[in-house]
Amino acid sequence: MARHRNVRGYNYDEDFEDDDLYGQSVEDDYCISPSTAAQFIYSRRDKTPSGVEPVDEEYDTEDPKESTNRQLSGLDQARLYSCLDHMREVLGEAIPEQMMIDAVLRSNFDVEKALEVVLEQDRKLDLKNKSKEKVASGEMTKGKSTDSQVSRSESEIGPKVARMTISGKKQTMGFEVPGVTAEENGHSFHTPQKGPSSEDVPVAGSSVLEAEPNITPASVKKPGKSKPQIDVKAELEKRQGGKQLLNLVVIGHVDAGKSTLMGHLLYLLGNVNKRTMHKYEEESKKAGKASFAYAWVLDETGEERERGVTMDVGMTKFETKTKVITLMDAPGHKDFIPNMITGAAQADVAVLVVDASTGEFEAGFETGGQTREHGLLVRSLGVTQLVVAVNKMDQVNWQEERFQEIIGKLGQFLKQAGFKESDVAYIPTSGLSGENLITKSQSSELTKWYQGLCLLEQIDSFKSPQRATEKPFRLCVSDVFKDQGSGFCVTGKIEAGFVQTGDRLLVMPPNETCTTKGITLHDEPIDWAAAGDHVSLTLTGMDIIKVNVGCVFCDPREPIKACTRFKARILIFNIEIPITKGFPVLFHYQTVSEPATIRRLISILHKSTGEVTKKKPKLLTKGQNALVEVETQRPVALELYKDFKELGRFMLRYSGSTIAAGVVTEIKG
Ligand code: GDP
């Protein structure tokens, strides 16, 4: 809601041209009866201490509308009311009325501008409050305990849900990021550091199909002489207060309870403002969807709320004992699988949510359900560690038999999909009641048969992948927008290397250079950022028109290649129509979704040895491993899988289904 951004990207219509289901409404009537809901929903009213509404005193003295009305004409009064109504829809009751009135008058009744003014003011007020608190309490401590987080002042607490631009729009919600500040993180260091050392050789991501090649530290040469050299690895450790970074995607069938589970987890961690939660409860009740209150923490767009499904990938941040987690809530609905691919491509680990209710697990698991497709997708996109939240256990009276039944069915499938048994954990949860989310359950119904970890402990115990900080810089654009001031901004995850302000960067395609004027991480300006960070870069020296979602920013000395033809090894999923020469597909790669065709069927390969079992096959069928040549309609920036795993891996979709996963073996031109 906050910032309206001028987003440009590939033609998303093409993305869905085969998916004729796209845009169709799914069943809207998800709400459970109010009486059923009531027993699960946390009631803020009971627990809210009196006088929590931290209204700024300046705005709290008289009825602001009345005093303003005296000075306005009848028509302007009407315009003012209409603007205020609109703003309240967006902002709720969180902002003092006088502040909104001032903003409307200053913006000459332009409601969009007024919203921006208010949000900017609100942000400044929050910052002011924070620094006051900081002074009062001495220094803020790192890695606060859950309790202390919960008891922090309301104005300080609230999650920020950023949106990856997949539906053609990016939003940064009007919440605050909890936890560490830039200073705490060590973002604002300026001291020149020693150059990268040879012991810092990273091993990128987790392997799917091939072993990781060695990377020579010599490959890091940052252009720009005057900039301080930094030891990225050491600085990264300092910045995160010793905590490792982990990108986590939440996947699963629509309605399995993904948003509720993670929304509730964020709430319990103190990352959601109590007032905001109350607002969601009230609004969701009004909308007849009371059971969705927690889901609304992550499902922020109006349409998502109306349809009751997640569409975009919501991104937010929380901390565990040893990790800083970037959480991506991927849409479960079939229509939005392309969005889910984008989320999963940027993830290190996944939480797979399944609905334990009678018949529901089965519905999500059978062909056509998203449990299987998501499982296969994340594995093919390089995720090797998985926690399965067997959710809605309250619906089946926490029966151990049901839990075991689900583990049995799912375990077999996940093994086939390529997950090691030791890398998959199963946890019984209830996203609605909050059981087993951030603390071990105390309920005897559960403790009598389950003594394992709770969800937060399990997330904390994931192994963080090594960041490829010493490879040449690569960032795949997930959003492009015009910000205030000169230049423009792009956002995306840094896949490799690092970037400093002042760096010159090359963009492929279109093979143009520009200069990095600013870098922000979770809305905090920083001087540098490295592999694994989701950042916004402010750029100058180039026309915004040339940059699209899917472009890759790279080090001009070691550029990524742009091509339309490449060879790839693909693994074919469960397809009905065999793949033949000239087969049309949608090529999904990082944030790119591009029409393509299978130009040549080169050979069929043995699944485990990789040996050629048949040359020039006429067709490819399900389960086969093959070498093919793919041609995309427009150039895409790619890497060989053996050099950069994350940038050499892709998915092929056809008619709304994912038909193959692949890795790039040769770039043709
Ligand atoms: P998503 O589509 O996977 O994100 O699912 P949502 O989080 O939107 O939840 C779908 C519905 O399931 C909502 O009505 C939730 O209130 C309900 N729900 C989610 N988790 C639980 C749970 O643990 N127990 C029960 N009984 N209902 C749940």
Side-chain angles (χ1 to χ4, degrees), residues 26-42 161 249-268 272 277 280-281 283-285 287-301 303-314 316 327-337 339-340 343 350-361 363-365 369-371 373-374 388-399 402-403 406 427-438 441 443 445-446 454-455:
V26 286
E27 212 185 321
D28 223 351
D29 190 17
Y30 292 105
C31 74
I32 52 178
S33 77
S35 55
T36 325
Q39 56 179 309
F40 296 119
I41 300 249
Y42 167 79
V161 182
V249 68
V250 185
I251 54 171
H253 193 64
V254 64
D255 265 0
K258 298 178 293 298
S259 304
T260 305
L261 189 79
M262 297 321 284
H264 202 153
L265 183 117
L266 289 173
Y267 175 71
L268 292 174
V272 186
M277 197 64 237
Y280 291 159
E281 280 171 18
E283 286 174 1
S284 57
K285 250 184 247 164
K289 296 174 191 292
S291 65
F292 282 90
Y294 288 117
W296 281 19
V297 173
L298 287 162
D299 292 351
E300 266 301 329
T301 70
E303 198 181 345
E304 281 176 338
R305 290 177 168 190
E306 246 161 58
R307 293 181 60 169
V309 296
T310 312
M311 288 152 60
D312 264 353
V313 178
T316 188
L327 163 72
M328 291 170 284
D329 180 35
H333 196 270
K334 185 176 184 296
D335 296 352
F336 308 111
I337 291 260
N339 304 7
M340 185 265 159
V351 174
L352 169 63
V353 183
V354 295
D355 184 342
S357 335
T358 320
E360 289 302 326
F361 167 74
F365 190 56
Q370 265 59 70
T371 309
E373 188 168 10
H374 279 191
V388 180
V390 181
N391 195 36
K392 305 199 191 179
M393 282 296 287
D394 55 282
Q395 294 282 54
V396 293
N397 301 321
W398 300 95
Q399 272 170 34
R402 179 63 173 158
F403 182 70
I406 290 172
I427 300 181
T429 58
S430 167
L432 209 48
S433 71
E435 217 62 55
N436 238 358
L437 299 191
I438 71 160
S441 171
S443 148
E445 280 174 305
L446 188 57
C454 66
L455 187 60

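Here, residue 1 is the first one in the sequence, and each next residue gets the next number. Start at 1 and go down the list; that is how both ligands and their atoms are numbered.
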Report, in ascending order of atom number, the atoms of ligand 1 lying under 4.0 Å from any heavy atom of Gln395. 26 (N)
Atom of Pro428, atom of Leu446 and distance for their closest heavy-atom approach: CG-CD1, 3.7 Å
Using every non-hydrogen atom in the two residues, find where His264 and Leu437 come nearest and quote the distance to one decimal. CB-CD1, 3.8 Å
Need the ligand 1 atom indices (1-based, order shown) with element for anything under 4.0 Å from a heavy-atom of Lys258. 1 (P), 2 (O), 3 (O), 4 (O), 5 (O), 7 (O)
Hey, does Ser433 come in under 3.5 Å of ligand 1, counting only N/O atoms on both sides? no
Under the 3.5 angstrom rule, does the side chain of Asn391 hit a backbone N or O of Ala256 as a donor-acceptor pair? yes
Numbered atoms of ligand 1 (with element) below 4.0 Å of Ser259, judged on heavy atoms: 4 (O), 7 (O)
Is Asn391 close enough to touch ligand 1? Criterion: a residue heavy atom under 4.0 Å from a ligand atom. yes
Considering only heavy atoms from C-beta outward, does the side chain of Leu327 approach that of Leu266 to under 4.5 Å? yes
Counting from 1, what ligand 1 atoms have a heavy atom of Asp394 closer than 4.0 Å? 22 (C), 23 (O), 24 (N), 25 (C), 26 (N)
In the structure I gave you, are the side-chain heavy atoms of Leu261 and Thr429 within less than 4.5 Å of one another anywhere? yes
Within the structure, does Leu261 bring an N/O atom to less than 3.5 angstrom of an N/O atom in ligand 1? no
Thr429, portion touching ligand 1 at heavy-atom distance under 4.0 Å: neither
For Ser430, the ligand 1 atoms with a heavy-atom partner under 4.0 Å come out as 22 (C), 23 (O), 24 (N)
Can you find a non-hydrogen atom of Ala256 under 4.0 Å from ligand 1? yes
Answer yes or no: is there a donor N or O on one side and an acceptor on the other, between the side chain of Lys258 and the main chain of Gly252, under 3.5 Å? yes
Using the rule given for side-chain contact (heavy atoms from CB on, under 4.5 Å), can you reason through Leu265 versus Ile438, listing the C-alpha separation, both sets of side-chain angles and the distance that settles it, and then say yes or no? CA-CA 7 Å; Leu265 183 117; Ile438 71 160; 4.0 Å; yes
Hey, is ligand 1 close enough to Leu432 that some N/O pair sits below 3.5 Å? yes
Quick check on side-chain hydrogen bond (donor to acceptor under 3.5 Å, both in side chains): which of Ser443, Ser430, Ser441 does Glu435 satisfy it with? Ser441
Could you pull out, from Glu435, Met262, Lys392, the option with a heavy atom nearest to atom 18 (N) of ligand 1? Lys392
